[in-house]
S.K.: 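There's a structure below that I have some questions on.
When reading the values below, keep in mind they use all heavy atoms of this one structure, side chains included, and skip hydrogens, waters and symmetry mates.
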Amino acid sequence: MAEEWIYGFHAVEAAIREDRVIKVAIDPSRKDKRMQGMIALLEGLKIRPEHLTSIQLEELVRESRHQGVIAKIAVRPPESENFLYQLLDQLDHPPFLLILDEVQDPHNVGACLRSAEAFGVDAVIVPKDNACSLTPVVRKVSSGSSERVPFIEVTNLARVLEKLKARGIWISGLAGGGESTIFSADFRGPHAIVMGSEGSGMRCLTEKNCDFIVKIPMEGEIESLNVSVATGVTLAEAYRQRHQL
């Protein structure tokens, strides 16, 4: 398993809880309540952190907003297309998938992973090219969701969509020109939701492979939502329907 430096309290705490930490380094000059809590957690688990300056921490993770705590962890690399089909074969419930079509901002991908875990998504699927992978920023923003929700990179997204449909999984893509809203769409049963990139939305071939194109109804002057916000809204509605809340 690969090793990687992560940073920030949420990400490090999640890694500690999942027993993936190899070493921890902290800035001892930070003496606030948050750091005291981290130190107490480490002491309770018999983990002795290395003391480094803020600049030394920044050099290790190439990030100034490390919050004074970093950790080297064993990370799970992205899964493959074959893993996806094995996962689907093993599920004891209708599949619920999230597909991110060339989403490139790691903050958005991390936030999407958090929403995916919160609303019961079985796997997040992304294309290998022109898309953000599991970077340290993604892991930090996801607050551990990147390690708990299968993250699958595929070479040919259009082919995967066709294979999912052959398995009886309905594909709904989100776009402003959708035929119906997410509140009138039916997300129950085997379903995959596709979100497009930050700038141009879904690619033409991706949209062509969707069974339905849906939209989020909005008022005011706003034309569209940030992709991670739109993902959270859509997954929440799908969760409501799938659990009949």
S.K.: Can you give me the closest heavy-atom contact between Tyr7 and Ile70, atom names plus distance?
M.R.: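 Closest approach of Tyr7 to Ile70: CB-CG2, 3.7 Å.
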S.K.: For Ile6 versus Arg139, what's the shortest heavy-atom pair and its separation?
M.R.: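 So the minimum-distance heavy-atom pair works out to CG2-CD, 4.2 Å.
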S.K.: What closest approach, in Å, do Asn130 and Gln104 show between heavy atoms, and which atom pair accounts for it?
M.R.: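 Closest pair (atom of Asn130, atom of Gln104, distance): O-NE2, 3.1 Å.
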S.K.: Tell me, with the steps shown, if Asp122 and His93 meet side-chain contact (heavy atoms from CB on, under 4.5 Å).
M.R.: CA-CA 10 Å; Asp122 293 307; His93 58 268; 2.8 Å; yes
S.K.: Indicate the atoms forming the closest heavy-atom contact of Pro127 with Glu102, along with that distance.
M.R.: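 Scanning both residues completely, I find the closest heavy atoms to be CG-N, 3.7 Å.
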S.K.: State whether a side-chain donor-acceptor pair under 3.5 Å links Asn108 with Glu198.
M.R.: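 Asn108 vs Glu198: donor-acceptor pair found between side chains.
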S.K.: Over all heavy atoms of both residues, which pair between Phe119 and Gly232 is shortest? Give the atoms and the distance, please.
M.R.: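 That closest heavy-atom pairing would be CE1-O, 3.8 Å.
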S.K.: Would you mind reporting whether Glu117 and Val121 have side-chain heavy atoms less than 4.5 Å apart?
M.R.: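 Val121 vs Glu117: side chains apart.
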S.K.: Got a sec, which hydrophobics cluster with Ile169, joining ILVMFWY side chains under 4.5 Å apart, including via others?
M.R.: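 Phe83, Leu84, Tyr85, Leu87, Leu88, Leu91, Leu97, Ile99, Ile125, Ile152, Val154, Leu157, Val160, Leu161, Leu164, Ile171, Val194, Met202, Ile213, listed by chain and number.
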S.K.: Per the ring-ring contact (aromatic ring centres under 6.0 Å, His included) rule, what does the pair list look like for residues 158-202, sequence neighbours excluded?
M.R.: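 Those involving residues 158-202 are Trp170-Phe212, Phe187-His191.
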S.K.: Do NZ/NE/NH1/NH2 and the carboxylate oxygens of Arg159 and Glu81 come within less than 4.0 Å?
M.R.: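 A salt bridge links Arg159 with Glu81.
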S.K.: Would one find more than 12 heavy atoms of other residues, nucleotides or ligands at under 6.0 Å from atom CZ of Arg188?
M.R.: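 At most 12 heavy atoms, drawn from other residues, nucleotides or ligands, come within 6.0 Å of this atom.
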S.K.: Salt bridge or not for Lys215 and Glu179, using N-O below 4.0 Å?
M.R.: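 Answer for the salt bridge query: no.
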S.K.: How about Gln86 and Gln90: does a side-chain donor come under 3.5 Å of a side-chain acceptor?
M.R.: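 The criterion, which ignores hydrogens and geometry beyond distance, is not satisfied for Gln90 and Gln86.
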S.K.: Just by distance, do the side chain of Gln56 and the backbone of Thr53 share a donor-acceptor pair under 3.5 Å?
M.R.: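 Yes; at least one donor-acceptor contact below 3.5 Å.
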S.K.: Any salt bridge linking Asp89 with Arg167? Criterion: basic side-chain nitrogen under 4.0 Å from a carboxylate oxygen.
M.R.: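 Yes, Asp89 and Arg167 are salt-bridged.
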